[in-house]
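This report refers to the structure that appears directly beneath it.
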2 protein chains.
Amino acid sequence: MAGPSAKSVKPPRRAAPRASGQSRSGARALVKAAQSAGETAAPVSPPAGRRAQAGEARKGAILGAALSVFARLGLDGASIDAIARAAGLSKANLLYYYPSKDALYVAVLEQGLSRWLAPLARFRREEDPAEAIGALIEAKLAMSRDHPEVSRLFALEMLRGAPLLKPVLAGPLKAVFDAKVAVVQAWVAAGRLAPVEPPHLIFSIWALTQHYADFAVQVRALSGRSLSDKGFMEEAVAAVTALVLDGVRPR
Amino acid sequence: MAGPSAKSVKPPRRAAPRASGQSRSGARALVKAAQSAGETAAPVSPPAGRRAQAGEARKGAILGAALSVFARLGLDGASIDAIARAAGLSKANLLYYYPSKDALYVAVLEQGLSRWLAPLARFRREEDPAEAIGALIEAKLAMSRDHPEVSRLFALEMLRGAPLLKPVLAGPLKAVFDAKVAVVQAWVAAGRLAPVEPPHLIFSIWALTQHYADFAVQVRALSGRSLSDKGFMEEAVAAVTALVLDGVRPR
DNA sequence: TCAAAGTCTGACCATTTGGTCCAAGTTCGA
DNA sequence: TCGAACTTGGACCAAATGGTCAGACTTTGA
């Protein structure tokens with residue numbers, strides 16, 4: 001870290017195009033993002049002006065670059081400058097859009113949150129358990145294949161002790177989690193599922209699917225393959241689904 | 001990063017008590033550590049001299065402090081000074097024992113490697129599959145409870161793309177992995193296990209068990225409990241074992 | 001007992017880096 | 001068309017940090 005104490009909160013001099021994810025109190029913004037994650041996520045009314053549009057695009061590019069850099073180097077390892085270069089603008093210019101590294105980080109986290117939360121949100125009591133679980137596994141595995149950086153970013157944040165995400169975990173995420181626990185509970189009660197501890201089942205599915213993104217290097221080094229190989233993806237879906245549904249003990 | 005280009009390789013002026021984990025080419029040292037990981041890990045003949053003993057103790061303390069700091073902040077987030085303070089000595093003094101941050105990081109990784117590798121190494125074809133798997137799960141979960149920092153450090157390293165561990169992954173770890181894949185294969189062929197893709201089974205067990213260490217914050221936030229609660233630990237062992245062996249589909 | 005070897009510290013240095021500032025464009029609406 | 005608002009980048013600043021150095025203090029072994 002460097003520069004004038006990252007803690008000092010000083011209002012920006014000029015009116016920057018403050019968009020969704022920049023509130024200084026990152027936690028609050030994240031909680032809000034998480035809460036609306038289940039919903040269809042209305043695209044925040046895209047402004048019409050040509051200029052505003054370009055600005056929005058620029059911010060998108062920054063966010064994308066930041067995600068990829070943060071996910072690989074972590075908050076500390078990533079430098080604003082590296083992100084700026086990756087996004088194709090100057091450091092000072094990036095700082096015009098996002099007033100600080102932390103703010104950018106929060107924005108990235110915030111953006112990832114909905115994608116990360118979405119699959120579980122689709123869990124419905126009315127569904128067939130096996131199908132619902134299969135769908136969840138496939139969706140999460142697809143996420144691990146298509147947006148591994150999101151998964152990695154969250155893993156990184158967890159490993160740090162989730163200083164920014166903790167309020168989300170304790171609030172909106174716990175709400176979703178509890179709801180889904182209830183769903184699983186109901187399935188078990190109805191005899192539609194073997195007796196399992198619902199929380200552990202959910203943890204297990206997360207662990208199994210995210211592993212392919214977070215430990216992709218290891219998976220690739222040991223098996224020589226990755227989810228981007230179509231065959232391997234199918235194999236993984238099949239293996240995880242079979243494991244969760246039927247286990248490995250022979251009948 | 002800072003200071004004179006971390007790349008410049010210059011020999012230390014004085015003879016520092018060079019111990020097991022400091023070779024500049026971290027990769028090589030790590031590979032060696034991994035290879036001897038299966039064995040009983042002979043304690044490298046503890047030197048007798050009172051002085052040498054104290055030195056060894058100091059190094060142990062440094063390694064411990066470094067593990068906990070690195071595991072929480074990552075290589076970039078951790079500062080030598082923070083580690084030194086945690087170990088109870090001055091930065092300059094720490095640098096006397098480990099000539100650079102990277103060297104220290106490698107030493108920590110190296111030390112963790114054997115612990116990380118051990119449980120899988122105990123997999124034997126002659127065992128009963130269910131028992132062997134159960135034992136593996138329990139051992140890994142115990143690791144997640146007793147040494148979560150090791151698991152986290154490795155997770156962090158994987159997320160970075162494993163620049164230092166890649167040779168280990170491709171070499172010694174792959175060797176162990178392949179051997180265990182063969183064991184599982186044999187079990188399946190003998191009908192002692194349902195037909196599974198062995199690599200995915202191993203990945204699954206790792207994922208399931210390490211999750212409780214790497215995502216401990218999340219687990220705690222959502223379930224309110226952690227592996228250090230005896231009851232929760234038992235629950236986790238039971239849940240993961242049941243899942244892997246029998247799945248959740250009702251019979 | 002005494003010098004050689006080992007251990008430890010505070011001062012110091014150079015680089016990286018988060019962030020600021022200002023002046024020079026650019027775009028937009030009236 | 002013109003001024004106000006918005007963008008952009010180069011120079012700059014100060015803190016943090018990895019690492020060095022020379023000298024002081026200890027321990028050890030002959």
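Atom pair A:Asp102:CG and C:dG18:C1' shows a separation of 10 Å (rounding to whole Å applied). What separates CG of A:Leu75 from C1' of C:dT17 is a distance of 13 Å, to the nearest Å. Nucleotide C:dT17 holds its P atom 16 Å from the CG atom of A:Leu104, rounded to whole Å. Counting to the nearest Å, the C1' atom of C:dT17 and the CG atom of A:Asp76 are 12 Å from each other. With rounding to whole Å, B:Leu73 atom CG is found 11 Å from D:dG18 atom P. Atom pair A:Tyr98:OH and D:dT7:P shows a separation of 13 Å (rounding to whole Å applied). Protein atom CD1 of B:Ile80 is 15 Å distant from nucleotide atom C1' of C:dC12, rounded to whole Å. One atom, CG of B:Leu89, and another, P of D:dC25, lie 20 Å apart when rounded to the nearest Å.
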Side chain to side chain contact (heavy atoms under 4.5 Å, CB included) assessment of B:Leu169 paired with A:Arg220 | CA-CA 9 Å; B:Leu169 298 179; A:Arg220 162 144 235 130; over 6 Å; no

Start with the C-alpha gap between B:Glu149 and B:Arg152, add the side-chain angles, then the distance that decides, and say whether salt bridge (charged side-chain N to carboxylate O under 4.0 Å, His left out) holds.
-> CA-CA 5 Å; B:Glu149 327 81 30; B:Arg152 292 192 196 118; 5.5 Å; no

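Distances shown here put a side-chain N or O of B:Ser90 below 4.0 Å from the OP1 or OP2 atom of C:dT9. Residue B:Tyr97 places at least one side-chain N or O under 4.0 Å from the OP1 or OP2 atom of C:dC8. For C:dT7, neither phosphate oxygen OP1 nor OP2 lies less than 4.0 angstrom from any side-chain nitrogen or oxygen of B:Asn93. Note on A:Tyr96: a side-chain N or O is less than 4.0 Å away from OP1 or OP2 of D:dT7.
Put simply, the side chain of A:Lys101 and the base of C:dG19 share no donor and acceptor less than 3.5 Å apart. Contact annotation: side chain of A:Lys91 to base of C:dG18, donor-acceptor pair present below 3.5 Å.
Residue B:Ala84 is out of contact with every strand shown, counting any heavy-atom pair closer than 4.0 Å. Residue contacts shown for B:Ser79 are limited to sugar-phosphate atoms, with no base heavy atom under 4.0 Å away.
Annotation: cation-pi pair B:Lys59/B:Tyr98 present, NZ/CZ under 6.0 Å from the ring centroid and within 45° of its normal.
Counting only heavy atoms from C-beta on, B:Ala92 has its side chain closest to C:dG10 among C:dT20, C:dG10, C:dG19.
Nearer the 5' end of DNA chain C, as judged by each residue's closest nucleotide, is the contact made by A:Gly77, out of A:Gly77 and A:Leu95.
Proximity of B:Ile62 to B:Leu89: side-chain heavy atoms (C-beta onward) are separated by under 4.5 Å at one or more points.
Using cut-offs of 30° and 60° on the angle between ring planes, the pair A:Trp206 and A:Phe203 is tilted.
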